[in-house]
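Each remark here refers to the structure printed beneath this line.
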Amino acid sequence: MALHGLPEPRRRETYEQWYERVFPCDRGRVVAYAEGLDDADPPLAIEYRMTRISDGAVRRIAERREVRRDSAGRAIGCIGLQRDVTVAR
C-alpha cells in the first residue's frame with residue numbers, strides 16, 4: 001500500500017508491525033478504538049500519526065470503519081478506509 005510505503009514483497013504487515021509505526025502518544029487512542037469495535041455503533045472514526053516505511057515520513061492518517069454484524073448483533077467484521085490527511089508545509 002502506497003499510503004504506508006510497504007515494499008512490494010511485503011504488501012501486508014502484522015498488527016504488531018503496524019502498531020509499532022503509530023506514534024507512541026497516539027497508541028493508546030488507537031488501541032481503544034480497535035478494542036471498541038465490538039461494542040461500537042458504526043461508523044467509527046479516528047485520526048493518528050504514523051511513520052511510513054518507505055521513507056520514514058510522518059503521516060497523519062484519518063481512518064473510518066463500519067462494523068458488520070450478524071443477525072444476533074455480534075460483530076463479524078468491518079469495512080474501512082484509511083486516508084492520508086497530512087498537510088504539506
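Residue numbers count from 1 along this sequence. Small disclaimer: the values here were computed from a predicted structure and weren't measured.
- Taking OG1 of T86 as the start and CE of M50 as the end, the distance is 11.0 Å to the nearest 0.5 Å.
- Partners of R29 under the side-chain hydrogen bond (donor to acceptor under 3.5 Å, both in side chains) rule, at least two apart in sequence or in another chain, are D26.
- In this pair, W18 and Y15 present their aromatic rings tilted. The plane angle is within the 30 to 60° band.
- Screening R59, R65, R60 against E63 for a salt bridge (charged side-chain N to carboxylate O under 4.0 Å, His left out) leaves a single residue, R65.
- By the side-chain hydrogen bond (donor to acceptor under 3.5 Å, both in side chains) test, R27 pairs with no residue at all, sequence neighbours left out.
- Neither V30 nor F23 shares a network with the other; the hydrophobic side chains, linked directly or stepwise wherever heavy atoms of I, L, V, M, F, W or Y lie under 4.5 Å apart, form separate groups for each.
- Here the CZ-SG distance, from R69 to C78, works out to 10.5 Å after rounding to the nearest 0.5 Å.
- Crowding of I79 atom CD1: a count of heavy atoms from other residues, nucleotides or ligands under 6.0 Å not exceeding 12.
- Between I53 and R21 there is a side-chain heavy-atom pair separated by less than 4.5 Å.
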Item to complete: Walk me through it: do T14 and Y19 pass the test side-chain contact (heavy atoms from CB on, under 4.5 Å)?
Response: CA-CA 8 Å; T14 66; Y19 181 73; over 6 Å; no

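- Residues in residues 56-75 take part in no ring-ring contact (aromatic ring centres under 6.0 Å, His included) pair, two or more places apart or across chains.
- V85 is not listed as a side-chain neighbour of I61, based on a closest heavy-atom distance of 4.5 Å or more.
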